[in-house]
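Notes for the one structure printed next.
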Amino acid sequence: MLEGLDPEQRAVATALHGPVCVLAGAGTGKTRAITHRIAYGVRAGMLQPASVLAVTFTNRAAGEMRGRLRQLGASGVQARTFHSAALRQLQFFWPKAVGGELPRLLDRKAQLVAEAAARCRVRLDRGELRDVTGEIEWAKVTQTVPADYVTALAKSSRETARDAAETGQIYAAYEQLKRDRSVIDFEDVLLLTVAVLQDRRDIAEQVRGQYQHFVVDEYQDVSPLQQRLLELWLGDRETLCVVGDASQTIYSFTGATPDHLLNFRTRHPGATVVKLVRDYRSSPQVVHLANGLLGQARGRAADHRLELVSQRGKGPEPVYTEYGDEPAEAEGTARRVRDLIAAGVPAGEIAVLFRINAQSEVYEQALADAGVPYQLRGAERFFERQEVREAGAALRGAARFGGNDALLDGMVELPSQVRAVLSTKGWTDQPPTGSGAVRDRWESLAALVRLAEDFAGARPEATLADLVAELDERAAAQHAPMVQGVTLASLHAAKGLEWDAVFLVGLAEGTVPITYAKTEAQVEEERRLLYVGVTRARTHLSLSWSLSRSPGGRPTRKASRFLTGLRPGGGRVARVAADGAGGSVELGSVGAPGPRGEGHARRRRERRPARCRVCGRTLTEAGEMKLMRCEDCPSDMDEGVYERLHAWRAEQARVLGQPAYCVFTDKTLIAIAEAVPSDERELAGIAGVVRRKLTRFGDDVLAICAGEERSGDGGAR
C-alpha cells in the first residue's frame, strides 16, 4: 500500500493517530496521499471503513475519491460533500428531533428570492437576482441573521452593487417566505444539522458513534458554518485529518476562509503537520514562476506559502508577450495555440484562461478564425448570455425604426445610439462597484459598446442596422455544437483542472488585479488567483497583455504588477504589433532593441496599412482585412462557387466532427469565391487560408473553383 509514495506522502499515509494537517501545494499528489492513508488504515485494521467520513467540496471530487478508495480495497468509506453528508443525517434524525417529515428542499432559491424582493417592492433583473441570492448565501454560511446583515457586511469590507439595508430586507422576507411554505434551502441543511447536533446530545453521540475518523479536503475553502458542523461531528475527539493550501484560497467572496487551516496547529497543539511540496504536475520552469509569484505576496497566507519543487524534466521557459491591442493579443494567442496543435499537443490539453467571462468573446472569435475548435467552461458563450441576447433584441428593435426611436432623438453617431439603447438594459458610463452578476452583466454590455465604437471607427457611415447585421453574423459563426477542443475558462472555473499548455491572457493592470480589488487582502486574493492559473500548466505556459483596447488606441495600459521582477533578463518580453492582414508580427524584445537600420525598416513595413482593393480606403476591421475590401464596396463574388463551397464545408465539418468555422469561416469562403483562385499560389494569398488548411483542403477548394464537384471526405465525384 505504501509503495510508490514519496517520503512525505508516506508520512501522511502512516499518520493515523491524533490530528493531522497536510499542507499540500498544487500538483503534489494530495488526493493520492489521503486516499492511501485511509486505505492503509483499513488494510492495517486500524480503521473500520464505515467509521470514516471523507469530506470534500464538489460531487466530482467526492466521486473521484470513492473511485480511488475502491481501487485501493477500501470500499465502504463514505466520501461526500458537506451538504450531502449533512442532508443524509438530517433526513434520518428529523422525525426523532422535530417530528414529521423534513421540509421540502428547494432546488433553486432564485424564484423565492424574487418573490421576497417583490414583497419589499423591489424589482430585480436577472443579474441583480443572482447577486442578492449570493449575498443571502454568504450571510447564511457566515451564520449572519437578517437583522445583523448590514453590520456584518460593513465589518467584512465586502463591496456590493446594491444597498445593504435593502438586501437585508429582502433576506428577511425570503426567510419568512420559506417558513410560510415549509421549505428549506441548501444552507438550511447545514444550519439545521448544526442546530440538531447542538440541541440533542443523544443524536450527536449517535453520529459520533457512527463516524470516528474524519478527512477534510480543500480545507482552505471551509466556511464558518462548515467548520462549526465539523466541530460538532468531532466532539472532544481529535481523529481528524485536514488537507489544504492557503495559497489557493480564491473563494472568500462565498464565505470561505483559510483561517481554519492556518489556525489548525493553535487549536490542536499536538497535531502532526506534513508538507507536500514535490510537484509532479508542472515543469521546473512553471514551478519557478509559481514560486516567484508567491514570493512577492503579503499577508498571513503568504507567510505560510509552500516552496514547490518540480519532479519533472526540464521544459520550455514561460513566454511573456506584450501586444499592441486586445484583438492582436487574441489573434496572436490563437496562432500560438494552432502551432502547438500542429506540433502534436492535443487541443483538449490546451487552455486559454482569463479573469472575467466578458473577455471570452474576442478569443472565441480569434480561435474560430484560426479554425481551432474550442469549448467554453463555466460560462455561457458570449452571444448566448442572457444580457447579450436582450441587448441584441433591443438594438434590433431600435434599428427597425431607422434611428427615429424617441430614445435616439437627436443622436447621429452610432456609438451614442448604442449607449442610449443599452442604458435601458443596465449599461452605465461607470462600472458598478464590487463583483458578481451585476458586474458581469455590465462587462458584457460594455463589450458591446466597445464593439460599436470599433465598428463605427472602421465604418463611419455605418447605421444601427449595419451593427445589428454584424452582431448576427458574429453570433451565427459561434452557435456551433460543443466540441472537444481548446478550453476557454475564467481563472475561477479552472480551479482543480490542469492542461499541458496554458495561456494566461489579459494580464494588464485593472484586469489582474481587477479594478474593484481595493484592499490589500483583495489584491492578494487576486495574486493567488493568478497563482492558481500558473499552476494549471504542466509544460507550456504563456502570459500576455495588451497596451490598448482597440487597434490604434493610446497605449496607456501596462502589465500586471504581479509580473514585476518575474520576467527573465530584466524584463525582456516579446512585443507584438498588428500587421497589415489583421494578424500580428513579433517586433523584438523590450529592453533589447536591434540595430536601427534593419529593424526600423522592418517595423515600417509591418505598420503599412491594409487598403480596400476597390476604393482604396484603409481597412481596420479584421473581417474586412480578410476580404481586402470594405464591407459595403461592391463584391464580385461568384455565387455558384460560394454555394458549392458552402455545401462542401458543411459536409466536411460533419465528417470531421467539428463546427463549420474550423474548416473555413464565412469571410474566408466569401474571399475565395471573390478571388476564384486557379492555383495553389493564388489560394495561399487569401487571408484565412493558412499552410495547414492549404495542405488539407487546397485540392478540394481549387477543384470546386474549377467547377468540379467534391464530397465532404475530400474525394471527387
Look only at the side chain of [X] and the backbone of [Y], and say whether a donor-acceptor pair between them is shorter than 3.5 Å.
| X | Y | answer |
| --- | --- | --- |
| Arg37 | Ala15 | yes |
| Arg536 | Val532 | yes |
| Glu509 | Arg561 | yes |
| Ser560 | Leu507 | no |
| Gln226 | Val222 | no |
| Glu349 | Asp500 | yes |

Strictly by modelled atom types, are [X] and [Y] linked by a side-chain donor-acceptor pair under 3.5 Å?
| X | Y | result |
| --- | --- | --- |
| Tyr219 | Gln227 | yes |
| Glu329 | Ser544 | yes |
| Arg336 | Thr321 | yes |

Non-neighbouring partners of Lys30 that pass salt bridge (Lys or Arg N to Asp or Glu O under 4.0 Å), sequence neighbours left out: Asp217, Glu218
For Glu498, all residues meeting salt bridge (Lys or Arg N to Asp or Glu O under 4.0 Å), sequence neighbours excluded: Arg281, Arg538
Test of ring centre spacing under 6.0 Å for His268 and Phe264: yes
Exercise: identify the closest heavy-atom pair between Leu306 and Ala24: CD1-C, 3.7 Å
